[in-house]
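Computation of the quantities below employed the complete heavy-atom set of this structure, encompassing side-chain atoms and omitting hydrogens, waters and symmetry-equivalent molecules. Sequence lines set the chain letters: A, B, ... in the order given, protein chains first and strands last, and positions in each chain run from 1.
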Amino acid sequence: MNALVAPALTQTHGLELLRAMLRIRAFEDRCYQLYGQMRIRGFLHLYNGEEAVAVGAFAALRPEDAIVSTYREHGHALARGVPMNRVMAELFGKQTGCSGGRGGSMHLFDVARKFYGGNAIVAGGLPIAVGLALAQKLRGEPALTACFFGDGAVAEGEFHESLNLAALWHLPVLFLCENNRYAMGTALDRAQAETDISAKAGAYRIPAAAIDGMDVFAVETAVTDAARGIRAGGGPVLLEMRTYRFRAHSMFDPQLYRERAEVEQWRKKGPIITLTTRLKALGLMSEEDYQRLQRECNAEVDAAVTFAERSPWEPVSGLERFVYAERHRR
Amino acid sequence: MQNATVAEAPVSLTYRDAVREALHAALRDDPRVFLMGEDVGRYGGSYAVSKGLLETFGAERIRDTPLCESTFVGAGIGAALGGMRPIVEVMTVNFSLLALDQIVNNAATFSHMSGGQLNVPLVIRLATGAGRQLGAQHSHSLEGWYAHIPGLRIAVPATIDDARFMLAAALRLPDPVLLFEHLYLYNMQGTLTEGLEQVDLERAAIRRTGRDVTLISYGWSLHKCLAAAATLAAEGIEAEVLDLRSLRPLDEATIMASVRHTHRALIVDEGWRSGSLAAEIVTRIVEQAFYELDAPVARLCTAEVPIPYAAHLEEAALPSPARIAAATRELLVSARGP
């Protein structure tokens, strides 16, 4: 994992990645407002600060790969290509939402895009990912399963069980740890005797690396490289993406556990500001280009809010649908 | 341990054999099916159910797992989502508590929570129950607990026919199904009904007809009810014995039809009484057939203690044919009124 070669930075690709991150940021900032206006409810976990992980990873993954995500998954869903309208409608609890209004922010699903959901039980998705990868292997599919989870999941037994099983059975799983340094309010060094998460993979003979999760190219390069190895039959890989959450854990978090200065310091090395500065410095983007990207992203979010607002509610008569599979439906 | 007479009757088999035949047929008939669990392969299964399957189907399809119930049950869910038809053996219901999160938070919710996009065609087999002096941590009967959960289907094969054919019925369903095999039944000897090729997974069955009282049960307790009914018949009391087969969904139609016929009901459940499946059935009878009753609905459950080791204490804790017969007699006396 130490011979990473960064792909040449082209203008087109650089702008693509920046746009994808700005799009997530615009979506999340709007969610924050909408929540304050009580137009979306429930738990809401925003992705601000972590955009490079989703955008870099999905730039390297393929449509045939299966995805398992967490409850902080708006960014994953959007980067995967789940239409923004359907994600926003889900947050509004509408019938047109990507889970028909039954999931909400923490449970976005899109089976056509092999997006197997936000899982709101910490580490609960890891065994599911192992099983999806087992099916891929047994069916001879040339695909892998990418499993997102946070640093909090590392304390759960299922993290260790899943790494062991994936390695033991040589399954095509890409374990993507989004280490944002806090499990809700508990800092990593207050939860883990060994804070180097990537080092833990060694106990299961899983190749691993720690990546600068604020650098979208570093993420893309690392995931491309790891995916190549997995697709070639190399078994599971773990990538620890070192990142930071700019906003509170959820909308009910007064953030008593961290200093404002710490947040400000991380904001300065945020993934969007870093890439923006870099593209401008290389002469690949003007301030005008940047403003145009912003406007386009905001317009898409506006349209998504309008779509969500105008969408119908699931009729209450459908309350008990889908508890069991509707066999003749599909 | 009644295998000495097998040679005389070639069609005779044990419940264990019947489950093994069911597994064999499922693996033979559908390449998507595989069996996964602790010691299902080389060891042959903790209760010797899967003995010989590894040799026939190989290690890819008879898959020994490490001791990690939560993860191998979750992997079963994931494999089901990915297009396979996994059969996961959780050695006993007691250990399934380590996989409760996967069963309740994932298997049971994915279909509804995804707006019907996902379904989880997973079968989980679990040994359940007491009666072998295994102590509190190996003697739970928690199937009624699982029957509380929308999104799961709970079925209990109590006969040789159901042991042989319920698995295929479960595999035909697109939903997660938990099959509870009572550990006391594995050695039960019997024959398959001639010509039977499949069973359903939703209907209760009348195992003995009678006019005086309905004994409602499932699993090992069903056989205790049948024994009690034989005793009672000698006294002139004709008990109807109903095998629930499916604990979720409950076959209310068959239950109510029997109660309307006998006007009395005793529920026999190896689960504890408080918050039990027996309580649920009593309630439904009261809700739907109250004016048909000639006596209050009665129930006989396991004493509310962790199952003790000592044989006489364990015996005293569980429903027994003698206690079922006694409870039935009492029900008939109270029915006559003061």
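- With a threshold of 4.5 angstrom between heavy atoms, B:I149 approaches chain A through N, CA, C or O but not through any side-chain atom.
- For chain B, no part of A:L163 is nearby; none of its heavy atoms comes within less than 4.5 Å.
- Atom CZ of residue A:F109 and atom OG of residue B:S111 lie 10.0 Å apart, to the nearest 0.5 angstrom.
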Can you check side-chain contact (heavy atoms from CB on, under 4.5 Å) on B:L118 and A:V111, steps first, answer last? CA-CA 7 Å; B:L118 301 182; A:V111 73; 3.7 Å; yes
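- A:Y324 contributes a side-chain N or O that, together with a main-chain N or O of B:L152, makes up a donor-acceptor pair within less than 3.5 Å.
- The OG1 atom of B:T109 lies 13.0 Å from the CZ atom of A:R102; values are rounded to the nearest 0.5 Å.
- Most heavy-atom pairs under 4.5 Å with chain A: of the set B:G151, B:A80, B:P176, B:G76, this distinction falls to B:G151.
- The part of A:L168 that comes within reach of chain B is its side chain, from C-beta onward, which places non-hydrogen atoms under 4.5 angstrom from that chain.
- Under the 3.5 Å distance criterion, the side-chain polar atoms of A:S99 are left unmatched by any main-chain donor or acceptor of B:G115.
- Between chain B and the residues A:G103, A:G125, A:G124, the largest count of heavy-atom pairs under 4.5 Å involves A:G124.
- Of all heavy-atom pairs between B:A75 and A:V130, the closest is CB-CG1, 4.2 Å.
- For the set B:P66, B:P121, B:G74, B:G83, the entry with the most heavy-atom pairs within less than 4.5 Å of chain A is B:G74.
- For the pair B:G82 and A:E141, the tightest heavy-atom approach, listed with the atom from each and the gap, is O-OE2, 4.5 Å.
- Residue contact with chain B, scored on non-hydrogen atoms closer than 4.5 Å, involves the side chain of A:N164 exclusively.
- Note that the CG atom of A:L134 and the CZ atom of B:R63 stand 5.0 Å from one another [nearest 0.5 Å].
- Scanning residues 73-95 of chain A against chain B with a 4.5 Å heavy-atom cutoff picks out nothing at all.
- Between the side chain of A:E326 and the backbone N or O of B:G116 there is no donor-acceptor pair closer than 3.5 Å.
- Ranking A:G101, A:P127, A:G157 against chain B, the residue ahead of the rest is A:P127, based on heavy-atom pairs under 4.5 Å.
- The CD1 atom of A:I128 sits 4.5 Å away from atom CD of B:Q102, with the distance rounded to the nearest 0.5 Å.
- Judged by distance alone, the side chain of B:Q117 and the main-chain N or O of A:G100 form no donor-acceptor pair under 3.5 Å.
- You'll find the side chain of B:T71 stays beyond 4.5 Å of the side chain of A:L126, heavy atoms only.
- A distance-only check finds no donor-acceptor pair linking the side chain of A:H107 to the backbone of B:F110 [under 3.5 Å].
- Distance check: A:N119 CG to B:N106 CG gives 4.5 Å after rounding to the nearest 0.5 Å.
- Counting non-hydrogen atoms of other residues, nucleotides and ligands closer than 6.0 Å to CD of A:E309 gives a total above 12.
- Proximity to chain B is absent for every atom of A:Q136, based on heavy atoms less than 4.5 angstrom apart.
- Distance CD1/A:I121 to CG/B:N105: 4.0 Å, rounded to 0.5 Å.
- Within 6.0 Å of CZ on A:R205 lie no more than 12 heavy atoms contributed by other residues, nucleotides or ligands.
- The heavy-atom pair separating A:A325 from B:P174 by the smallest distance is CB-CG, 3.5 Å.
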